[in-house]
Amino acid sequence: MEYGQVKGLLAKKPRASLGFYPTPLYKLERLSSYLGVNLYIKREDFSGQSLFGGNKIRKLEYLIGDAKAQGAEYVFTYGATQSNHAMQTVEACRKEGLKPILYLLAIVDPDETDLKGNLLLDKILGAEVHIIKMEAGETEEEAYERMYRLGKAHIARLEAEGHRCYDVPMGGASIVGTAGFIGGLVELKEQMDQIGVHCDYLFHANGTGGTMAGLAAGKKLIGANMHIVSVDVTCHDAAYKASRVQLGNDTLRWLGAEPVLTEDDLDIDPSYYLPGYEVPSKGGTEAIKLMAEQEGLLLDPVYSGKGFAGLIDYIRSGKVAPGSNVVFLHTGGATALFAEKEILGELY
Ligand SMILES: *Cc1c(COP(=O)(O)O)cnc(C)c1O
């Protein structure tokens, strides 16, 4: 498909104007010579609308557009207490006059008398915040399921009272949200065309997989051939890859396109997230320091630092050949630098 046709399909869907697009794309000169590749960065962290933007805003343009089209009054979403997605959802709701309700799992216990990072921003923005503490003997997965159940029960109560609610899954990884990164991939490809550089590799941090599914679907639609490497920041079960292929295909169907994604279209690398989600890694810490000291640019310990650690390792190990054109999608998250010390790690 032509770029314009894809944009035409997207333009038929309701959309709230939340960010400033296209987000900047440019070459990191010092790191390029240091690493021996042509390294470009796409600044999704500069999405707006506040200083604390990120990749969720692109999804939220469609999610909030859909919520308003459905006449919603409340928007529910979920995540960890330092969720970037939850905070960006709150910003988006405020801008569009919707009421945000968050259910957040305390993987790291916040000090409720001294709030930090995104949780502080959620409170300043006036979101209704429900913090779910981990129970003894419970796994993270079980705790997330309990949190979802509490959220759904809350929605049922409000709807029984006649209120309309819009339910956004963690990370905004629904069909509607994923559409945002079909647009994001087309935007990136147009920018690369403009500077006349072929994108050999696109690296990004991968969580719920909405960004990945959208990028892969967008790539397939326009027939682009960059190699997308999705660097995991958390543990996924065996059914994850198939479910993300389905998410991408359902999004394509929703837009009126053919569901063309297969498992071969996703390259998910789980080698860089340990010791765990929201637990700093040695590689991530090194990556953050390298970016900070070479380029004066900030990554975060939970997502973009681990994603960039993957990129560095691919170059050093020769999986990415010297001289390749590599794009790093900076998905945001630097508010984690102001979160709890356990999340930050040994950065100074
Ligand atoms: C949510 C998030 C990601 C991962 O995006 P998914 O679509 O959930 O996979 C990456 N980086 C940052 C900073 C994020 O907040």
Side-chain angles (χ1 to χ4, degrees), residues 19 23 41-47 50-63 77-92 104 117-119 121-122 144 168-185 202-218 228-236 240-241 243-245 247-248 251 266-270 272-273 277-278 280 284 287-288 291 297-311 328-339 343:
T23 53
I41 191 159
K42 181 151 172 71
R43 300 291 305 269
E44 283 300 284
D45 59 322
F46 270 8
S47 65
S50 75
L51 272 177
F52 316 112
N55 64 330
K56 301 315 180 305
I57 297 293
R58 213 181 265 280
K59 302 182 187 184
L60 284 160
E61 289 209 328
Y62 292 93
L63 289 162
T77 202
Y78 313 84
T81 46
Q82 288 298 353
S83 166
N84 299 310
H85 161 69
M87 183 276 289
Q88 289 167 71
T89 301
V90 175
E91 286 187 345
L104 304 176
N118 287 323
L119 190 53
L121 299 177
D122 296 339
Y144 274 122
V168 177
M170 276 207 283
S174 69
I175 294 168
V176 175
T178 297
F181 272 93
I182 293 184
L185 191 285
L202 172 61
F203 278 78
H204 72 100
N206 181 52
T208 61
T211 301
M212 170 178 70
L215 291 171
I228 302 175
V229 182
S230 305
V231 182
D232 270 343
V233 301
T234 189
C235 178
H236 293 123
Y240 178 75
K241 193 172 194 185
S243 80
R244 298 306 84 180
V245 169
L247 175 63
T251 304
L266 304 185
D267 185 1
I268 306 171
D269 195 330
Y272 303 97
Y273 76 86
Y277 181 72
E278 277 193 350
I288 294 169
M291 183 67 98
L297 210 155
L298 298 168
L299 300 174
D300 81 279
V302 184
Y303 288 96
S304 53
K306 288 181 178 174
F308 197 61
L311 185 159
F328 181 65
L329 186 70
H330 189 333
T331 42
T335 41
L337 297 173
F338 306 101
I343 294 176

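Atoms within a ligand are numbered from 1 in the order they appear, just like the ligands themselves.
Residues that satisfy the side-chain contact (heavy atoms from CB on, under 4.5 Å) test with Ser230, not counting sequence neighbours, are His204, Asn206, Met212, Ile228. Taking the salt bridge (Lys or Arg N to Asp or Glu O under 4.0 Å) definition, one finds that Glu61 meets it with Arg15, sequence neighbours left out. Contacts of Asp122 classified as salt bridge (Lys or Arg N to Asp or Glu O under 4.0 Å), with partners at least two apart in sequence or in another chain: none.
Listed as neighbours of ligand 1 are Asn55, Lys56, Lys59, Asn84, Ala205, Asn206, Gly207, Thr208, Gly209, Gly210, Thr211, Tyr303, Thr331, Gly332, Gly333, each bearing a heavy atom under 4.0 Å from the ligand.
Side chain of Thr178 to backbone of Ala173: no donor-acceptor contact under 3.5 angstrom is found.
Residues Leu329 and Leu215 meet the side-chain proximity criterion, which asks for heavy atoms closer than 4.5 Å.
Counting only N and O atoms by type, the side chains of Glu44 and Thr23 include a donor and acceptor under 3.5 Å apart.
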